[in-house]
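On a predicted model such as this, the values are computed, not experimentally measured, just so you know.
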Number of protein chains: 2
Amino acid sequence: MIGFHEFISEFNDALSRCESMAIFARCEIVYSGRAESQLLSGDRMLLIKSDKSMLIHQPTGSAPVNWMKEDSDYALDIEGDSLMLRVRNLPLKEYLDIKIEEIYSFSRQKLEDGQKIIITGSERDMSDMILENPELIEKGFKPLSREEHTKYGFIDVFGYDANNVLVVIEAKRYSADFKAVSQLRRYVEKVRKSKGLEKVRGILAAPQISANAEKMLHDFGFEYRKISPPKYMERFHKKQSNLNFFSDKKDSKNHD
Amino acid sequence: MIGFHEFISEFNDALSRCESMAIFARCEIVYSGRAESQLLSGDRMLLIKSDKSMLIHQPTGSAPVNWMKEDSDYALDIEGDSLMLRVRNLPLKEYLDIKIEEIYSFSRQKLEDGQKIIITGSERDMSDMILENPELIEKGFKPLSREEHTKYGFIDVFGYDANNVLVVIEAKRYSADFKAVSQLRRYVEKVRKSKGLEKVRGILAAPQISANAEKMLHDFGFEYRKISPPKYMERFHKKQSNLNFFSDKKDSKNHD
DNA sequence: GGGGAGAGATGCCGC
DNA sequence: GCGGCATTTCTCCCC
């Protein structure tokens, strides 16, 4: 438990040094901006980052209950028994008011991190895989070099089949739904119109598809290919299982 | 700075008591599950919640760089100069390995929070507003009681115009895009087919619409209405600007 | 800055 | 659990 006066001093000092902060506190919260929200009194974790963004987490769930974007302004004032923390982002017209009733703990730290996460197994990797292995779609499929931003739109993969009919492919890394079919439909219609072609094939590539989406797909005359996104690191790990840090990962992967 | 042995003991005790934790540390991270990722050494904030979910934040940005869902398992082991924190969610087949090089600070706290956030200004509030004020769409519009899950789909608002022509309305709280138009199109087509009607009107209600989306909208013969989501609390605050922090919140439920 | 689309999206609700 | 959809989505990339 930390007194408000000591906290105010520490908080403002940390803020001026662009340190990151973690606060455990009981508080009530009101947000006003893109929407409006209220959250009555309870225990939460408040994070303030070096970029002056803020996140508030309840003790459960993976999404923050309230937050403010970077470059927000912070002001602390004691009001009666409580400490008001007012967070403002004037350019975005967003306001967060936190009535802090009790502070359980406070940590501050200057954090240095120049690293950027590298992710594999995304939809992009999936279309790369299709480009490199066109037979995943069908024998004789000839993909054109992928053009995300053609005049036809943001098409994942684009090519010709064995009969030189144009093929538009939409890849989804997860179970394909109505939205994926609608998207494919929009692209196919665009290409048909732009090229003045009657026949353009549409193919949805995904590990799964919902029954409704598949029905809609067939109604439009499109096709489904069951294809899963690649996991490059996993493959790498299986090949090279003798490394230090990563080796344990690998072993832990061998749960299947 | 905290020693690994002391940390292990504190961490495991906190875990067994379902406390929440905040850790500032330098670490490397590897994730494997729905996708795969790696993040080289840097300073981060690690949160572990009462529900045994985990969030890892870099010093900037509002989204976590890595995370694990609730009910994950945690295991700590000293390996050479580092402390390995292995997080596992076996049912989801997700694995997170954190190589902790240095711990700057550690906080733990039992958090109690039974409150649920109340949000206004959502799309749902928008369709409620249209139901209560049908003239926002046009003179003579008669909304039917809203049925989110009709056999026609999850239609926002549904009604008849002055000439008893069926009207399907899709509301968007933000600037409407291609996806919104596609969605409206899908609903209109569904209703046309289900009811065997030639003429069903489609209206997109949103505060804004992109030029491309508006063109597509008109190509399909649909219409746009410029309507913004309501902000009940804001209206209330303007009327009653002399209350203390919380009285407004409570009454803000009586928004209309 | 807006538009368009993916995300390890998350969360909610309904079946 | 899956399906369908909104989200104060967030993030990225391109124009």
Output every pair passing salt bridge (charged side-chain N to carboxylate O under 4.0 Å, His left out) with a member in residues 57-68 of chain A, not counting sequence neighbours, ordered by first then second residue.
none
Contacts of type side-chain contact (heavy atoms from CB on, under 4.5 Å), residue S72(A), not counting sequence neighbours:
M68(A), Y74(A), V87(A), N89(A)
Roughly how far apart, to the nearest Å, are dC14(D) and dG8(C) at atom C1'?
24 Å
Taking only the side-chain nitrogens and oxygens of R124(A), find out if one of them lies under 4.0 Å from OP1 or OP2 of dA7(C).
no
With sequence neighbours excluded, tell me which residues meet side-chain contact (heavy atoms from CB on, under 4.5 Å) with N212(A).
F178(A), S210(A)
Nearest-angstrom distance from the residue atom CG of L184(B) to P of dA6(D):
12 Å
Could you tell me which residues satisfy side-chain contact (heavy atoms from CB on, under 4.5 Å) with Y174(B), sequence neighbours excluded, listed by chain and number?
K172(B)
Round to the nearest Å and state the distance from D128(A) atom CG to dG6(C) atom P.
15 Å
For R173(A) and dA7(C), what is the distance between atoms CZ and C1' respectively, to the nearest whole Å?
7 Å
Y174(B) OH to dC10(D) C1', straight-line distance once rounded to whole Å
14 Å
With a 4.5 Å cut-off on side-chain heavy atoms, are L217(B) and L184(B) touching?
yes
Which nucleotide, dT7(D), dC12(C), dT8(D), lies nearest any side-chain atom of K116(B)?
dC12(C)
Please name all residues satisfying salt bridge (Lys or Arg N to Asp or Glu O under 4.0 Å) with D71(B), sequence neighbours left out, ordered by chain then number.
none
Under 3.5 Å, which N/O atoms of the protein pair with N/O atoms of nucleotides 3-5 of chain C?
| unit_1 | atom_1 | unit_2 | atom_2 | d |
| --- | --- | --- | --- | --- |
| dG4(C) | OP1 | N212(B) | ND2 | 2.4 |
| dG4(C) | OP2 | S210(B) | OG | 2.9 |
| dA5(C) | OP1 | R186(A) | NH1 | 3.4 |
| dA5(C) | OP1 | Y187(A) | OH | 2.7 |
| dA5(C) | OP2 | R186(A) | NH2 | 3.2 |

Salt bridge (charged side-chain N to carboxylate O under 4.0 Å, His left out) partners of residues 217-226 of chain A, not counting sequence neighbours, each pair once
E138(A)-R225(A), R201(A)-E223(A), K215(A)-D219(A), E223(A)-R225(A)
Going by number, which of residues 47-72 of chain A have a non-hydrogen atom under 4.0 Å from DNA chain D?
V65(A), N66(A), W67(A), K69(A)
What integer distance in Å separates E36(B):CD from dA7(C):C1'?
16 Å
Paired stems touching DNA chain C, three or more consecutive Watson-Crick or G-U pairs with both distances under 3.5 Å?
C:1-7 with D:9-15, C:9-15 with D:1-7
Flag the pair R34(A) and E94(A) as a salt bridge only when some basic side-chain nitrogen lies within less than 4.0 angstrom of an acidic carboxylate oxygen.
yes
I119(B) CD1 - dT9(D) C1' separation (whole Å)
11 Å
Taking only residues two or more places apart in sequence or in another chain, which ones pass salt bridge (Lys or Arg N to Asp or Glu O under 4.0 Å) with E214(B)?
none
I'd like to know if R185(B) and E189(A) make a salt bridge, using a cut-off of under 4.0 Å between side-chain N and carboxylate O.
yes
Those residues that, when tested against A63(B), pass side-chain contact (heavy atoms from CB on, under 4.5 Å) (two or more places apart):
none
Between dT8(D) and dG14(C), how far apart are the two C1' atoms, rounded to whole Å?
25 Å
Using only side-chain N and O atoms of R34(B), determine if any of them is under 4.0 Å from OP1 or OP2 of dG6(C).
no
Mind calculating the distance between CD1 (I155(A)) and P (dG6(C)) to the nearest angstrom?
12 Å
Could you state the CE-C1' distance from M126(B) to dT8(D), rounded to the nearest angstrom?
15 Å
Residues 41-50 of chain B, side-chain donor-acceptor partners within the protein, below 3.5 Å, at least two apart:
| unit_1 | atom_1 | unit_2 | atom_2 | d |
| --- | --- | --- | --- | --- |
| S41(B) | OG | E101(B) | OE1 | 2.7 |
| D43(B) | OD1 | Y104(B) | OH | 2.7 |
| D43(B) | OD2 | E112(A) | N | 2.7 |
| R44(B) | NE | D113(A) | OD2 | 2.7 |
| R44(B) | NH1 | C27(B) | O | 2.5 |
| R44(B) | NH1 | L40(B) | O | 2.9 |
| R44(B) | NH2 | D113(A) | OD1 | 2.9 |
| R44(B) | NH2 | D113(A) | OD2 | 3.2 |
| R44(B) | NH2 | L40(B) | O | 2.8 |
| K49(B) | NZ | H57(A) | ND1 | 2.8 |
| K49(B) | NZ | Q58(A) | O | 2.9 |
| K49(B) | NZ | G61(A) | O | 2.6 |
| S50(B) | OG | S20(B) | OG | 3.1 |

